[in-house]
Amino acid sequence: MTLQNQPGAKARIAPAGLAFLAITSIGWGFNWPVTKHLLSQLPPLTLRGTTGVVGASLLAAIALLRGQNLRVPRELWPRLVLAAFLNVGCWMVLMGFALLWLPASEAALIAYTMPVWASILAWPILGERPNLLRVISLVMAFLGLSAILGGNGFAASVSKLPGIIMALGGAIGFAAGAVLAKKLPINLPPVSAAAWQIGIGCLPVAIAGLGFEKSSVAGFSDFDWMLLAYSTVVQFCVAYVCWFAALARLPASVAAIGTMSVPVIGVVASALALHEPLGVGQIAALVFTLAGVALATQS
């Protein structure tokens, strides 16, 4: 998942780029079951908002250590706030609440339909008319959603519907932010741009969580603290820095397709760590979703 486009990627596939991409995918993939577990300890707004604010602060420190400028020109503030709202704020809130209704594996699958929605939204926003591959990718994505809905019977599907709607909202919001970034680019150094967007997007979420939710870390075990550190440091810092490093060394299409391993890792890790189901319905959803994303990235 990226917060802005990285032009000028090298044509050749550098081994270091693949290594950075693997670290990113593993970091983001394992974060799905980690977040699902942490939501049993902390309410969603508090968890997602506070970890994001801390992660943004760490990213800002990394940007300064790398010599990147954190100053934002006045004319960029409106588009920066819009990107933060769509790419981060909506994502954090809606995905956090979606995990209250959905297994982490299914939330991850819905989340990574983002390229499909981006390819469709490019028509009204950028004037890019959908081609046959984009239409097929949309159909594949809906087949994946249908497999998630029908995997455990009608009653289970109805109970999951709020989570599916929220996860879809987060994915579509992020896709809209990604498409708008092409029309309204944020010309900031990559790590600085990520730090600002995550910080702006998560700060109101954290404030809302502290104001309206009751939370306490008094009962946290050492394991819970380790997972909280993982969700903050690995998700927001290590994975993002490695993502930008991968984009600098790989063609953008290779990097985009490489992130398809994130939901795979999320599904398998959730089955192993949380004992979530991994049956025919989940495998069918995984196949259809990844097929749709692959077609969308090639269209």
Side-chain angles (χ1 to χ4, degrees), residues 1-3 20-59 87-112 114 148 160 163 166-167 170-171 174 194 198 201-202 205-206 209 213 215-243 258-278 282 285-286 289:
M1 168 186 333
T2 181
L3 291 174
F20 284 124
L21 184 60
I23 294 171
T24 299
S25 298
I26 292 170
W28 283 340
F30 280 126
N31 194 61
W32 286 98
V34 167
T35 302
K36 179 70 173 180
H37 171 79
L38 289 173
L39 284 170
S40 66
Q41 309 296 318
L42 288 173
L45 297 179
T46 300
L47 173 64
R48 303 290 274 175
T50 53
T51 55
V53 170
V54 175
S57 301
L58 294 174
L59 272 177
N87 288 334
V88 181
C90 287
W91 175 269
M92 290 294 175
V93 172
L94 293 173
M95 287 301 173
F97 279 106
L99 283 167
L100 299 179
W101 279 275
L102 293 175
S105 56
E106 295 179 2
L109 285 173
I110 297 173
Y112 276 82
M114 292 177 296
I148 292 174
K160 290 190 294 187
M166 289 183 183
F174 194 99
I198 293 171
C202 287
V205 178
E213 294 176 336
S215 59
S216 173
V217 296
F220 263 40
S221 66
D222 291 342
F223 182 67
D224 293 330
W225 282 111
M226 288 174 57
L227 293 184
L228 190 63
Y230 180 96
S231 188
T232 303
V233 177
V234 175
Q235 176 192 194
F236 287 115
C237 297
V238 175
Y240 266 107
V241 171
C242 288
W243 171 242
T259 59
M260 290 170 57
S261 61
V262 175
V264 177
I265 294 170
V267 168
V268 175
S270 298
L272 295 175
L274 304 177
H275 307 293
E276 292 184 358
L278 186 58
Q282 287 75 23
L286 185 65
T289 301

Report yes if the side chains of [X] and [Y] come closer than 4.5 Å at any heavy-atom pair, otherwise no.
{"X": "Asn31", "Y": "Val234", "result": "no"}
{"X": "Met95", "Y": "Phe174", "result": "no"}
{"X": "Val217", "Y": "Leu42", "result": "yes"}
{"X": "Val233", "Y": "Val54", "result": "no"}

For [X] against [Y], the heavy-atom pair lying closest together:
{"X": "Thr35", "Y": "Ser231", "value": "OG1-OG, 4.2 Å"}
{"X": "Gly52", "Y": "Cys202", "value": "CA-SG, 3.5 Å"}
{"X": "Leu274", "Y": "Lys36", "value": "CD1-CG, 3.6 Å"}
{"X": "Ala239", "Y": "Thr24", "value": "O-OG1, 3.2 Å"}
{"X": "Gly219", "Y": "Asp224", "value": "O-OD2, 4.3 Å"}
{"X": "Gly89", "Y": "Val205", "value": "O-CG2, 4.5 Å"}

Heavy-atom donor-acceptor pair, [X] side chain to [Y] backbone, under 3.5 Å:
{"X": "Glu276", "Y": "Ala104", "answer": "yes"}
{"X": "Ser25", "Y": "Thr259", "answer": "no"}
{"X": "Thr51", "Y": "Arg48", "answer": "yes"}
{"X": "Trp28", "Y": "Gln235", "answer": "yes"}
{"X": "Glu213", "Y": "Leu45", "answer": "yes"}

message = My understanding is that only residues two or more places apart in sequence, or in another chain, count here; which of them pass side chain to side chain contact (heavy atoms under 4.5 Å, CB included) with Leu100?
response =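 Result, side chain to side chain contact (heavy atoms under 4.5 Å, CB included) vs Leu100: Leu39, Pro44, Phe97.
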message = In terms of relative ring orientation, are Trp32 and Tyr112 parallel, tilted or perpendicular, with 30° and 60° separating the classes?
response =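 Answer is perpendicular, since the angle exceeds 60°.
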request  = Tell me, with the steps shown, if Ile198 and Tyr240 meet side chain to side chain contact (heavy atoms under 4.5 Å, CB included).
outcome  = CA-CA 11 Å; Ile198 293 171; Tyr240 266 107; 3.8 Å; yes
Side chain to side chain contact (heavy atoms under 4.5 Å, CB included) evaluation trace for Leu47 with Leu228 = CA-CA 9 Å; Leu47 173 64; Leu228 190 63; 3.7 Å; yes
note = Between the SG atom in Cys90 and the CG atom in Leu94, the distance rounded to the nearest 0.5 Å is 5.5 Å
query = In Å, rounded to the nearest 0.5 Å, how long is the span from CG of Leu227 to OG1 of Thr232?
reply = 10.5 Å
task = Can you tell me which residue pairs pass the ring pair (Phe, Tyr, Trp, His ring centres under 6.0 Å) test with a partner in residues 34-54, sequence neighbours excluded?
result = His37-Phe223
